[in-house]
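Below: one structure, written as structure tokens.
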Amino acid sequence: MQQVFIVGLGLIGGSLAMNIAKKEHVHVIGLDEDYDTMQMAKKQGVIQEIATNFEAGVKQADVLVLATPIAITINYIEQLNHMIIEKKLVITDVSSVKNNVLKAAENLSNPNLAFVGGHPMAGSHKQGYTAAKPHLFENAIYVLTPSTHACQKEADLLKELFSETEARFLIFSSQEHDEMTAVISHFPHLIASSLVHQAKNWQATHPYLEHLAAGGFKDITRIASSNPKLWQDIFFQNRQLLISMLDDWIVEMKKVQAYLQEELSEHTFEYLQTAKSYRDGLPVRERGAIPAFYDIYVDIHDQPGAIHDVIGLLAKHSISIKNIEILEVREGITGVLRISFSTNEEQLKSKQLLEEDQYEVMLEQ
Ligand SMILES: NC(=O)c1ccc[n+]([C@@H]2O[C@H](COP(=O)([O-])OP(=O)(O)OC[C@H]3O[C@@H](n4cnc5c(N)ncnc54)[C@H](O)[C@@H]3O)[C@@H](O)[C@H]2O)c1
């Protein structure tokens, strides 16, 4: 029986635990700072046992999964250096930023410990165990960042342990991971927040502005509505890269400002054209780090008429669908239907209608 100890049973840890619990010959031990969370997870059979404390859980475990906020995860890794651990222990985490976590892991002195960092690139606007879902990671990218104390064997063990998630595993160094996520996720989040601040400032002199902002502006700033606590943690963990990206961005913006000041219309066109070409060439069918706009994810079962029923319900209420995609349906297993709408209103209305009809619906914000 493989002993798996999960610390932090929130959105990510809870969702992983739900998948691990489906596996045979695995005993899941859980620990969370929130007592009710642990009780709920135990009652639902997502964990089989509650650890009395961190050290007791570690001593029992073959695999340790740290799914707490990043600074806390680093603290737990540091605690491992002060414990006597006599059997092999594979350690992983789920942190959205990897460099500082890997630095702490490289300082582990006990040869029995092998650390392979992890980042399942899926989330929700919600937090905590009650938001956890077994299908959260379906088709999502799951990055593994092995430390120098680990090898392919430990990465393979984790892929097998998390196989029920249906995520797509990729291996990167922590530096590569942090640079790429800074470019496509962390920095855009910072810019989205700054655009919202700019609009808020202009609102003071232009009271009607918020009504104009309801459309496209809301699209491009949607990520600014995510959990500020999580993003504060991410910004600070990746602050060196963000600081240097801000330097590059300011230089770039000064260049564009000069195009406008000097009326260089050709240069301006080139700037916009290059951005369009790169963006248009991005893969459309993949689930990347930032979800597409106005989408809902509906769970469906592999049975005749399943898709027809969902579309029929929306058609009955005159809701028009912009795009529809089946993310995964295998025989007898729940699949996910991604339906896109042109407006946030249609997205919310559809979610409400489908939920009233007992469908499981997820919104990505
Ligand atoms: N939410 C996302 O979109 C997302 C996506 C990928 C990775 N992550 C990473 O996942 C990690 C957890 O984020 P989340 O979204 O699941 O947050 P969450 O708030 O839903 O869950 C965190 C859990 O950790 C518990 N916790 C806090 N301090 C603890 C402690 N000292 N000991 C034990 N348990 C403790 C909390 O009670 C909570 O249940 C973070 O490191 C984050 O970077 C988040």
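Counting convention: from 1, in listed order, for ligands and their atoms alike.
- Tyr271 pairs with exactly one of Glu266, Lys276, Lys255, Glu252 by the side-chain hydrogen bond (donor to acceptor under 3.5 Å, both in side chains) rule, that one being Glu252.
- In terms of protein heavy-atom proximity, atom 39 (O) of ligand 1 is nearest to Asp32 OD2, 2.6 Å.
- Residue Pro120 has no N or O atom closer than 3.5 Å to an N or O atom of ligand 1.
- Side-chain rings of Tyr259 and His267 approach one another, their centers coming within less than 6.0 Å.
- Against a heavy-atom cut-off of under 4.0 Å, Ile70 is close to the following atoms of ligand 1: 41 (O), 43 (O).
- Counting only heavy atoms of the protein, atom 44 (C) of ligand 1 lies nearest to Ile12 CG1, 3.6 Å.
- When only modelled atom types and interatomic distance are considered, Tyr278 and Gln273 share no side-chain donor-acceptor pair under 3.5 Å.
- In the model, Lys42 has no side-chain atom that pairs as donor or acceptor with a side-chain atom of Gln39 under 3.5 Å.
- Protein heavy atom at the shortest distance from atom 19 (O) of ligand 1 is Gln127 NE2, 3.5 Å.
- Residue contact check: Leu11 has heavy atoms under 4.0 Å from atoms 1 (N), 15 (O), 16 (O), 18 (P), 20 (O), 21 (O) of ligand 1.
- Residue Leu241 is not grouped with residue Ile184 when hydrophobic side chains (ILVMFWY) are merged at heavy-atom distances under 4.5 angstrom, including chains of intermediate members.
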Exercise. Between Asp62 and Gln3, is a side-chain hydrogen bond (donor to acceptor under 3.5 Å, both in side chains) present by the stated rule, with each step listed?
Worked result: CA-CA 5 Å; Asp62 300 304; Gln3 305 287 327; 5.5 Å; no

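- The nearest protein heavy atom to atom 16 (O) of ligand 1 is closer than 4.0 Å.
- Taking 4.0 Å as the cut-off, Ile72 counts as a neighbour of ligand 1 on heavy-atom distance.
- Counting heavy atoms only, Thr68 comes closest to atom 11 (C) of ligand 1 of the residues Leu66, Ile234, Thr68, Leu136.
- Annotation: salt bridge (Lys or Arg N to Asp or Glu O under 4.0 Å) contacts of Lys316 (sequence neighbours excluded): none.
- Counting only distance, with no hydrogens or angles, the side chain of His149 and the backbone of Glu106 share a donor-acceptor pair below 3.5 Å.
- For Leu230, every heavy-atom contact with ligand 1 shorter than 4.0 Å involves the side chain, none the backbone.
- Side chains of Val7 and Tyr76 form a contact here, defined as non-hydrogen atoms less than 4.5 Å apart.
- Using modelled atom types, one side-chain atom of Asn19 and one backbone atom of Pro134 make a donor-acceptor pair closer than 3.5 Å.
- The Ser96 neighbourhood of ligand 1 comprises atoms 6 (C), 7 (C), 8 (N), 9 (C), 42 (C), 43 (O), 44 (C), with distances under 4.0 Å to a heavy atom of that residue.
- If you look at Ala67 next to ligand 1, the close heavy atoms, those under 4.0 Å, all belong to the backbone.
- The salt bridge (Lys or Arg N to Asp or Glu O under 4.0 Å) check on Lys254 picks up nothing, with sequence neighbours excluded.
- With respect to atom 34 (N) of ligand 1, the closest heavy atom belonging to the protein is Glu33 N, 3.1 Å.
- Leu260 and Leu272 are not part of a single hydrophobic cluster, where members link through side-chain heavy atoms under 4.5 Å apart.
- Residue Met121 does not touch ligand 1, judged by heavy-atom distances below 4.0 Å.
- Looking at ligand 1, you won't find any N or O of Thr37 less than 3.5 Å from one of its N or O atoms.
- At least one heavy atom of Ala122 sits less than 4.0 Å from an atom of ligand 1.
- Distances between N or O atoms of His119 and those of ligand 1 include no value under 3.5 Å.
- For the pair Tyr76 and ligand 1, a heavy-atom separation below 4.0 Å is found.
- Closest to atom 20 (O) of ligand 1, if we only count protein heavy atoms, is Gly128 N, 2.7 Å.
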